[in-house]
Structure formats: C-alpha cells, structure tokens
There are 2 protein chains.
Amino acid sequence: MEKSEPLAFLEHDHSQCRQTALKCANNQGLRLTKWRQLVLDLLLEDHRSMGAYEILNRLECNGVKPQPPTAYRALDFLVEHGLAHRIEKLNAYVACARPDACQSAGFIICKECNIVAEVECSPSSPELLRVAANVGFDAESTVMEVEGICSNCQNGN
Amino acid sequence: MEKSEPLAFLEHDHSQCRQTALKCANNQGLRLTKWRQLVLDLLLEDHRSMGAYEILNRLECNGVKPQPPTAYRALDFLVEHGLAHRIEKLNAYVACARPDACQSAGFIICKECNIVAEVECSPSSPELLRVAANVGFDAESTVMEVEGICSNCQNGN
DNA sequence: ACAAATCTGTTATAATGTTACAATCCCGTT
DNA sequence: AACGGGATTGTAACATTATAACAGATTTGT
Ligand SMILES: [Zn+2]
Ligand SMILES: [Zn+2]
Ligand SMILES: [Zn+2]
Ligand SMILES: [Zn+2]
C-alpha cells in the first residue's frame with residue numbers, strides 16, 4: 001500500500017489499521033488509561049469521524065457514563081500524541097490512519113458518509129507557507145481539508 | 001501590491017480594502033440589507049476575525065439589538081456571496097480581502113492578535129487534490145489555514 | 001394591487017466546548 | 001510498606017456556537 005493512498009475510501013483490511021494504531025500507541029510508552037483506550041477503540045472502529053458528544057454518548061465502563069470533560073480530555077490526549085486528529089470543518093475527530101508515520105496530514109472528507117481519508121502530504125499549499133514565511137510568520141499548525149462527495153456516495157450507496 | 005501578499009500583516013491603506021469591498025458588493029447587484037450592511041461594516045473595520053456572537057453583541061440599529069439568527073443569516077449571506085470567509089479553526093469570520101478576485105483562498109492566522117491574512121493560492125496541496133481525484137472524489141470546498149504567531153506579536157506588540 | 005419570494009423578528013433549543021475544584025490513582029523515593 | 005508529588009478522573013455548573021420553527025413584514029415582478 002502506497003504511503004499517500006486514501007485508504008479510507010479503498011477496500012482494505014481494516015483490522016490492520018487497528019493493529020498498527022494499537023501497537024503504535026503501546027510502543028510510545030503512553031499511559032493508555034481506560035477512557036483513552038475506550039475512546040481510541042471507538043475511533044478505530046472505522047474511518048468515519050465522530051463528534052465529541054457522539055463519542056461521549058457511546059462511552060461507558062461498567063455501567064458508568066462519564067461527563068463531557070472526560071471525553072474531551074481523552075480526545076485532547078489522543079490528538080496531542082498523534083493517535084487522532086481533529087477535523088476542523090466538522091468539529092469532529094478521526095483516528096490517525098498512520099500513527100507510525102504521520103508528519104503532516106491532509107484530509108478528504110465525504111459529507112455524505114462522514115468517512116475521512118487521511119493523506120500524508122506536504123503541509124499546506126507551498127504558496128501559503130512561502131507567503132507566511134516571507135512576512136516572518138511563525139507557523140505552528142496547518143489545516144488542510146477537502147470536503148465533497150466520495151465515489152461510493154456519488155453512486156448512491 | 002502583488003496578488004498574493006498577506007496584506008493584513010503589512011502596512012497598507014486599509015480604507016482601500018473597505019472601498020474595494022463595498023464597491024464590489026454593490027456591483028454584484030446583491031441586496032445589502034441593513035443587517036448585512038452592518039455586519040459587513042463590522043468585518044471591514046480591520047483584518048481581524050470576529051466570532052458570530054462578537055458581531056451580534058456589536059450589532060445594533062436604532063437601538064434595536066437583534067437575535068442570533070440575524071447575525072448568522074447575514075454572515076451566511078456574506079460568505080455565500082464571497083464577501084466574507086469562515087475561518088474553521090476559529091469558528092469565526094473575516095471580510096474577504098479580495099472580493100474582486102477571490103478564487104481560492106488560504107488563510108494565515110495569528111493566534112495572538114487574531115489578524116487573518118488572506119492569500120490567493122491554489123486550492124489545497126496539489127497532492128491532496130490529486131489523491132482525491134484519483135479515487136473519484138468530487139471536491140466541493142477546501143480549507144487551508146495556517147495558524148501561528150505573526151511577526152508583530154513575536155516581537156511583543 | 002396582487003401573489004410569490006425574500007427577508008426579518010422572536011422564542012426556544014440543540015450542539016459543542018470549558019472552568020473549577022475535589023477526589024483518586026499511579027509511580028518513584030524513602 | 002509508607003509517603004509525597006504529579007497525573008488522572010469525577011462532578012457540577014456554565015460558556016460558546018449554531019439551528020429549528022414559525023409568524024410577520026418587506027420587496028419584487030406581473
Ligand atoms: Zn482502515
Ligand atoms: Zn461518502
Ligand atoms: Zn486592509
Ligand atoms: Zn499577531
């Protein structure tokens with residue numbers, strides 16, 4: 001599988017995606033506490049994005065349903081450590097599709113099925129970064145998102 | 001002034017920006033009703049982004065303070081007709097800096113002073129669009145945002 | 001003047017995200 | 001094993017952003 005294939009929109013063995021992510025999480029020596037683990041599990045179910053409250057509503061451990069801060073803390077942790085990404089256009093979250101090699105990611109978002117494909121690509125348009133650098137701007141993070149309709153949804157699935 | 005200069009971070013005659021925008025708005029045969037006009041005026045004060053409620057709080061006409069839908073309707077209208085842009089990273093809005101020639105814009109966002117510079121640039125990273133096209137994705141809109149600290153704010157202004 | 005379309009007023013509510021502080025758990029040291 | 005500091009969780013309240021629904025007013029074209 002090539003590095004910049006939009007896996008999420010292709011037939012693939014998704015259990016591999018899970019495996020890689022979980023292995024990666026463990027290898028980093030992170031403390032994957034119960035809520036973090038559970039949130040990561042939810043996100044890793046597939047390549048759809050989930051809102052914080054969608055996650056929150058599905059979170060549960062021994063009959064205990066946590067409050068909003070619990071979901072946001074876990075999400076912040078996962079995002080901070082590169083195991084998940086925030087999709088600004090959707091105010092939602094996806095599992096990182098390449099936690100082992102995620103430098104700079106862009107996202108292809110289907111507004112029908114909510115699938116989000118992650119693509120490793122150079123940060124932003126070269127023009128934008130060049131222009132920023134030209135005026136001494138210190139760039140810290142970039143958002144690259146393309147929204148539209150995926151091929152499946154165009155064909156009415 | 002070159003086309004892809006981040007005007008917002010440069011010394012410039014901002015009254016020109018206003019003029020151009022207002023002229024452009026009128027030329028398009030749009031119905032710039034009072035709220036739309038007032039919201040546009042607020043956005044055109046400078047190149048800072050404003051949240052919908054910041055706008056709402058400052059909106060007022062003959063002593064009448066409108067409700068949220070009024071602000072959102074005006075903003076939706078302005079965005080739809082290219083007179084303003086939504087900044088996804090901030091859930092906020094800026095006046096379009098080049099309403100006369102705005103094809104595809106990226107944004108350079110200072111998290112200190114909230115100034116947002118608009119840069120006319122090719123939509124998204126070429127890689128991202130190519131990859132999307134490769135899988136038959138129908139791209140409708142793209143988000144390109146770079147967040148960081150502007151040169152002014154780095155120097156403690 | 002009339003009807004249709006657009007815009008506005010108004011109330012209520014939904015969806016998303018944060019603050020603050022106390023209680024608990026984990027981990028390295030004594 | 002006891003201790004102490006840092007990280008994590010529990011909990012309640014609250015802040016911010018955005019939309020739904022529907023009635024009334026204004027504008028536009030005929
Ligand atoms: Zn997968
Ligand atoms: Zn789709
Ligand atoms: Zn200006
Ligand atoms: Zn600044």
Side-chain angles (χ1 to χ4, degrees), chain A residues 25-26 28-40 42-43 48-81 83-94 109 111 114 116 143 145 147, chain B residues 25-26 28-40 42-43 48-81 83-94 109 111 114 116 143 145 147:
Chain A
N26 289 321
Q28 287 185 252
L30 302 177
R31 283 177 64 184
L32 272 195
T33 60
K34 73 177 168 182
W35 296 124
R36 292 169 183 172
Q37 181 70 65
L38 288 169
V39 170
L40 182 56
L42 285 175
L43 289 178
R48 286 185 316 109
S49 66
M50 299 181 73
Y53 278 73
E54 185 181 349
I55 288 167
L56 183 60
N57 290 333
R58 294 186 55 193
L59 265 187
E60 176 270 320
C61 184
N62 300 329
V64 176
K65 312 276 293 179
Q67 296 292 312
T70 299
Y72 281 102
R73 286 162 178 162
L75 286 168
D76 287 349
F77 177 90
L78 295 174
V79 168
E80 181 145 3
H81 292 86
L83 299 171
H85 298 287
R86 178 177 166 83
I87 305 300
E88 297 295 341
K89 187 100 185 199
L90 302 178
N91 295 338
Y93 301 83
V94 280
I109 305 164
K111 63 208 291 186
N114 280 121
V116 173
V143 178
E145 296 172 357
E147 195 179 47
Chain B
N26 289 321
Q28 287 185 252
L30 303 176
R31 282 176 65 184
L32 272 194
T33 60
K34 73 177 169 183
W35 296 125
R36 292 169 182 171
Q37 182 69 64
L38 289 168
V39 170
L40 182 56
L42 286 174
L43 289 177
R48 287 184 316 108
S49 66
M50 300 181 75
Y53 278 75
E54 185 181 351
I55 288 168
L56 183 60
N57 290 334
R58 294 186 54 193
L59 265 188
E60 177 270 320
C61 185
N62 300 329
V64 176
K65 313 274 294 178
Q67 297 292 313
T70 299
Y72 280 102
R73 285 163 180 161
L75 286 167
D76 288 349
F77 177 90
L78 296 174
V79 168
E80 181 145 1
H81 293 86
L83 298 171
H85 299 287
R86 179 179 164 83
I87 306 300
E88 297 295 341
K89 186 102 186 198
L90 302 178
N91 295 338
Y93 301 82
V94 281
I109 305 163
K111 63 207 291 188
N114 280 120
V116 174
V143 178
E145 296 172 356
E147 195 177 47

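Proteins come first, then strands; the chains are lettered A, B, ... in the order of their sequence lines, and each starts at number 1.
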Do [X] and [Y] touch side chain to side chain, with heavy atoms closer than 4.5 Å?
X: B/Leu43; Y: B/Leu83; result: no
X: A/Asn91; Y: A/Arg86; result: yes
X: B/Asn114; Y: B/Leu90; result: yes

Could you state the interatomic distance from [atom1] ([X]) to [atom2] ([Y]), rounded to the nearest 0.5 Å?
X: A/Asn26; Y: A/Gln28; atom1: CG; atom2: CD; result: 9.5 Å
X: A/Leu32; Y: A/Leu78; atom1: CG; atom2: CG; result: 7.5 Å
X: B/Leu75; Y: B/Trp35; atom1: CG; atom2: CH2; result: 13.0 Å
X: B/Arg58; Y: B/Leu42; atom1: CZ; atom2: CG; result: 5.0 Å
X: B/Gln37; Y: B/Leu40; atom1: CD; atom2: CG; result: 6.0 Å
X: B/Thr70; Y: B/Leu56; atom1: OG1; atom2: CG; result: 8.0 Å

Where each residue is assigned the nucleotide of DNA chain C containing its nearest heavy atom, which of B/Asn91 and B/Trp35 is assigned the position nearer the 5′ end?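 This one resolves to B/Trp35.
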
Please give, in whole Å, the distance from [N] [atom2] to [X] [atom1]?
X: A/Glu88; N: D/dT17; atom1: CD; atom2: P; answer: 14 Å
X: A/Leu30; N: D/dA7; atom1: CG; atom2: P; answer: 14 Å
X: B/Asp76; N: C/dT6; atom1: CG; atom2: P; answer: 16 Å
X: A/Asn57; N: C/dG17; atom1: CG; atom2: P; answer: 14 Å
X: A/Leu56; N: D/dA12; atom1: CG; atom2: P; answer: 14 Å
X: B/Lys89; N: D/dT17; atom1: NZ; atom2: P; answer: 16 Å
X: B/Leu90; N: C/dT16; atom1: CG; atom2: C1'; answer: 16 Å
X: A/Leu59; N: D/dG10; atom1: CG; atom2: P; answer: 11 Å

Under a 4.0 Å heavy-atom cut-off, which of residues 62-69 of chain B touch DNA chain C?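 Here the set is B/Gln67, B/Pro69.
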
State which of [options] makes the closest approach to the side chain of [X].
X: A/Arg36; options: D/dA18, D/dT8, C/dG17; answer: D/dT8
X: B/Tyr53; options: C/dT8, D/dG10, D/dT17; answer: D/dT17
X: A/Arg86; options: C/dT8, C/dG17, D/dT17; answer: C/dG17

Please tell me which of B/Ala52 and A/Lys34 maps to the more 5' nucleotide of DNA chain D, matching each residue to the nucleotide holding its nearest heavy atom.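 Mapping each residue to its closest nucleotide by heavy atoms, the 5'-most match is A/Lys34.
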
Once each nucleotide of nucleotides 22-30 of chain D is scored for protein heavy atoms under 4.0 Å, what B/S/- sequence comes out, 5' to 3'? B----S---

Strictly distance-based, threshold 3.5 Å: is any side-chain N or O of B/Glu145 a donor or acceptor partner for the main-chain N or O of B/Glu88?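 Present.
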
Under 4.0 Å between a side-chain N or O of A/Tyr72 and OP1 or OP2 of C/dG17?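 So the side chain of A/Tyr72 is within the cut-off, an N or O lying under 4.0 Å from OP1 or OP2 of C/dG17.
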
Does C/dT8 have OP1 or OP2 sitting under 4.0 Å from an N or O in the side chain of B/Thr33?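 For B/Thr33, the contact criterion (side-chain N or O under 4.0 Å from OP1 or OP2 of C/dT8) is met.
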
